[in-house]
Amino acid sequence: MTDNANIFAHFLAVAEQAGDKPFLVENGATVLTFADLDARTGRLAARLQALGGKTGERIVVQVDKSPENVLLYLAAERLGMVYVPLNTAYTAGELAYFLGDAEPAVVVCRPADEAAVRDLMTTGTLVTLGTDGQGSLLDDLPDTVAPVAARTATDLAAILYTSGTTGRSKGAMLTHANLLSNALTLKDLWGWQADDVLIHILPIYHVHGLFVALHGALLAGATVLFHRGFDPAAVVADIARGSVLMGVPTHYTRLTAAPELTPASAGGMRLFLSGSAPLLAEAHQRFEEKTGQRILERYGMTETGMITSNPYRGGERVAGTVGYPLPGVEVRLRGDDGDLVNEGPGVLEVRGPNVFAGYWRMPEKTAQEIREDGFFITGDVATQEADGRVTLVGRAKDLIIAGGLNIYPKEIEEAIDALPGVDESAVIGVPHADMGEGVVAVVVPQKGASVTEDEVRAALEGQLARFKQPRRVIVVEALPRNAMGKVQKAALRADYAGLFT
Ligand code: MLC
Ligand code: AMP
């Protein structure tokens, strides 16, 4: 192993051992071997340098998933840049905020977005990367390789934006030590081995697909069967060759419906992992009936990486629970009255080497959410059994999770309230068979004005990323309020609980 805290140095040490073994395989063909990793990332890092990228500066990336995107991430880490990946669904308006806030030295976007992104940029050099390796990023690749930058444990490796209850996105600053500690812990806990084969179906702009999945394979020297999107039939076709799959509950619900998936076809898999959103006990059970395999559910956050996990060995994977705090990670619960409680329910707080360094350029927000003793307030409400097992029972934060993606109602309410003729709105999540939760907007028109569902939906088109847009808009005369005048979202959720089921 290496003294350099740069996480890429640790990946490289493993790659050197793995040699010619395939790292990324797509549609049955090897697109990248471990032996290629050093030279390919070295040249790409030299290219980023030539574009003006420097160690410690930010690189903002909004591109479609591809093997080159994986290389770009690794090259950025190699150079010691701070990687800032963005959901490809974000609109120009959303992107403008991220670009202004991150002040990147380099921006990489899809070729089709080049002109629009250029208009939004206030700092940095723009290059493009397409799905098949086309784009100006890979033009003029130098023959030289950039060395692996020396980084300390507290240096930033990435900033991942996460929306907040105020509607404004916050950049979670993740250090090299945050990422490496979590990855090493999960490698041991989940029994990663060099002969593992990961079926990778997640986007690579979030913690789940970028860190939890890719880092596991990189630290184990394991092969990745690379899927650019999620097609259940393609996953089933790969399952005979795979050993590990990570997904959000929607992936498992859709896989359960795939006729080709059987205990025989899934028999070679050693681990199905789920997280990012609650996996209903019923979905857990149906997957087990279908495949004979028990999903291992774990719980995490952008700010903290993984926090708890059901056991891989030597313990039960209990449906509806998220398992035990990871080794080296402490959790505690705080009740409504502000005191710590043992069993809960209470808001879960977490401390450990995985907990982020704070929100980018938001010291006051950081101080509100990380206590002086280092515990981060997750906003998830949990109970804990005497043996440490955690069950998530609710959220203190007003958050909707659809298909594993977080949606903050406040942001959507602000967009709707700004529309002509709208007095106020309340955005809620109600059960959705495929996505877990579906977004519903309940809208009150101004006196004498008329507002229709179609008008609201059309107005939000292009303004908010598609996954955040309400699937239904209900126009009402007034919102239910309690004696304090607060909108009763629980009552609205009950009223519209059956909309998507
Ligand atoms: C797609 N759509 C969504 C959506 N994904 N709507 C709400 N929520 C989502 N997550 C929209 C599309 O724009 C489309 O809208 C319609 O839904 C149907 O799309 P689809 O083709 O069925 O969707 P698909 O491309 O198959 O994507 C579904 C999915 C994807 C579940 C595969 O959303 C996904 O990969 N989710 C994973 C997200 C993730 O990685 N989360 C981890 C965060 S990290 P229309 O109107 O155009 O038809 C984290 C920490 C942790 O949370 O613990 O891991
Ligand atoms: P994000 O901010 O996208 O990282 O999302 C983190 C949030 O996802 C957490 O605060 C939880 O609310 C939720 N989450 C993650 N894993 C699980 C899980 N296994 N069960 C329920 N919720 C989860």
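In each ligand, atom 1 is the first atom listed, and ligand 1 is the first ligand listed. Note that the numbering runs from 1 along the sequence shown for the chain.
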shortest atom 12 (C) of ligand 1-to-protein heavy-atom contact is with Arg466 CG, 4.3 Å
### Task
Give the intermediate values and the outcome of side chain to side chain contact (heavy atoms under 4.5 Å, CB included) for residues Lys65 and Phe226.
CA-CA 10 Å; Lys65 185 178 178 183; Phe226 195 75; 3.6 Å; yes
min-distance protein heavy atom vs atom 4 (C) of ligand 1 -> Met435 CE, 3.6 Å
Between Phe98 and Tyr90, what is the ring plane arrangement, given parallel below 30°, perpendicular above 60°, and tilted in between? tilted
If we number the atoms of ligand 2 from 1 as shown, the ones under 4.0 Å from a heavy atom of Val322 are 19 (N)
The closest protein heavy-atom partner of atom 21 (O) of ligand 1 is Arg254 NH1, 5.0 Å
Any side-chain donor-acceptor pair under 3.5 Å between Thr256 and Thr253?
no
Subject >> Audit row: Asn182, His215, side chain to side chain donor-acceptor pair (under 3.5 Å) steps and yes/no >> reply: CA-CA 9 Å; Asn182 213 227; His215 290 182; over 6 Å; no
Between Leu86 and the options Val107, Val63, Leu99, Leu95, the side chain to side chain contact (heavy atoms under 4.5 Å, CB included) test singles out Leu95
closest protein heavy atom to atom 10 (N) of ligand 1 is Ala402 O, 2.8 Å
Query - Gln488 CD: over 12 foreign heavy atoms closer than 6.0 Å - result: yes
Ranked by distance from atom 49 (C) of ligand 1, the top protein heavy atom is Ser276 OG, 3.6 Å
To atom 12 (O) of ligand 2, the nearest of Ile407, Asp380, Leu399 on a heavy-atom basis is Asp380
Should Val443 and Leu419 count as side-chain neighbours, where that means a heavy-atom distance under 4.5 Å? no
Near Gly300 (heavy-atom distance under 4.0 Å), the atoms of ligand 1 are 53 (O)
Of all protein heavy atoms, the one nearest atom 41 (N) of ligand 1 is Gly404 O, 2.9 Å
Counting from 1 in the order shown, the ligand 2 atoms closer than 4.0 Å to a non-hydrogen atom of Leu392 are 20 (N), 21 (C), 22 (N)
Pro278 heavy atoms within 4.0 Å reach ligand 2 at atoms 20 (N), 21 (C), 22 (N)
If we number the atoms of ligand 2 from 1 as shown, the ones under 4.0 Å from a heavy atom of Thr302 are 1 (P), 2 (O), 3 (O), 4 (O)
Checking side chain to side chain donor-acceptor pair (under 3.5 Å) for the pair Tyr312/Arg270: CA distance, chi angles, key distance, verdict?
CA-CA 10 Å; Tyr312 172 57; Arg270 74 168 179 87; 2.9 Å; yes
Polar contact flag, side-chain donor to acceptor under 3.5 angstrom, Tyr359-Glu369 | yes
Near Ile401 (heavy-atom distance under 4.0 Å), the atoms of ligand 2 are 8 (O), 12 (O), 13 (C)
So, regarding Phe230 and ligand 1 (criterion: nitrogen or oxygen to nitrogen or oxygen, under 3.5 Å), is there a contact or not? no
Among non-hydrogen protein atoms, atom 19 (N) of ligand 2 lies closest to Arg298 O, 2.7 Å
Is there a side-chain contact between Leu160 and Pro85 in this structure, where contact means two heavy atoms from C-beta onward sitting under 4.5 Å apart? yes
Per-atom filter on ligand 1: closer than 4.0 angstrom to a heavy atom of Thr250 are 31 (C)
Report yes if some N/O of Glu303 lies less than 3.5 Å from some N/O of ligand 2; otherwise report no. no
> Out of curiosity, is His251 lining ligand 1, as in a heavy atom under 4.0 Å away?
Replying inline: yes
If we number the atoms of ligand 2 from 1 as shown, the ones under 4.0 Å from a heavy atom of Met301 are 4 (O), 6 (C), 9 (C), 10 (O)
* Indicate whether the side chain of Arg389 and that of Thr321 have a donor and an acceptor atom separated by less than 3.5 Å. => yes
Note: ligand 1 atoms sitting under 4.0 Å from heavy atoms of Phe467 are 3 (C), 4 (C), 6 (N), 7 (C), 8 (N), 9 (C)
Q. Would Arg471 count as a contact of ligand 1 if the rule is a heavy atom under 4.0 Å away?
A. yes
(request) Please test Asp196 against Ser243 for side chain to side chain donor-acceptor pair (under 3.5 Å), starting from the C-alpha separation and ending with a verdict. (result) CA-CA 6 Å; Asp196 267 319; Ser243 67; 2.6 Å; yes
Check your understanding: Without hydrogens or angle criteria, can the side chains of Asn354 and Thr304 be said to hold a donor-acceptor pair below 3.5 Å?
Key -> no
- request: Indicate whether the side chain of Asp101 and that of Tyr161 have a donor and an acceptor atom separated by less than 3.5 Å.
  value: yes
Checking heavy atoms under 4.0 Å, the part of Lys397 that sits near ligand 2 is side chain
>> Tyr324 vs Asn310, test: side chain to side chain donor-acceptor pair (under 3.5 Å). Steps then yes/no.
In response: CA-CA 6 Å; Tyr324 302 93; Asn310 270 281; over 6 Å; no
inquiry  = Any non-hydrogen side-chain atom of Trp190 less than 4.5 Å from a side-chain atom of Arg298?
reply    = yes
Closest heavy-atom approach to atom 7 (C) of ligand 2 among Gly300, Ala277, Ser309 is made by Gly300
Quiz item: Is atom 44 (S) of ligand 1 less than 4.0 angstrom from at least one protein heavy atom?
Solution: yes
Note: ligand 2 atoms sitting under 4.0 Å from heavy atoms of Asn406 are 1 (P), 2 (O), 3 (O), 5 (O), 6 (C)
Q. Does ligand 1 have any atom that is closer than 4.0 Å to a heavy atom of Pro203?
A. yes
Atoms of ligand 2 under 4.0 Å from any heavy atom of Glu297, numbered from 1 in the order shown, are 18 (C), 19 (N), 20 (N)
If you compare Ser276, Ser163, Ser274 by their heavy atoms, the one closest to atom 16 (N) of ligand 2 turns out to be Ser276
Taking atom 36 (N) of ligand 1 as the reference point, report whether a protein heavy atom occurs under 4.0 Å from it. yes
The atoms of ligand 1 lying under 4.0 Å from a heavy atom of Leu202, numbered in the order shown, are 40 (O)
Of Arg298, His206, His208, Met246, the one whose closest heavy atom lies nearest atom 53 (O) of ligand 1 is Arg298
Salt bridge flag under 4.0 Å for residues Glu103 and Arg58: no
Do Arg457 and Glu461 sit within salt-bridge range, that is, some charged N less than 4.0 Å from a carboxylate O? no
Looking only at protein heavy atoms, what sits closest to atom 33 (O) of ligand 1 is Gly403 O, 3.8 Å
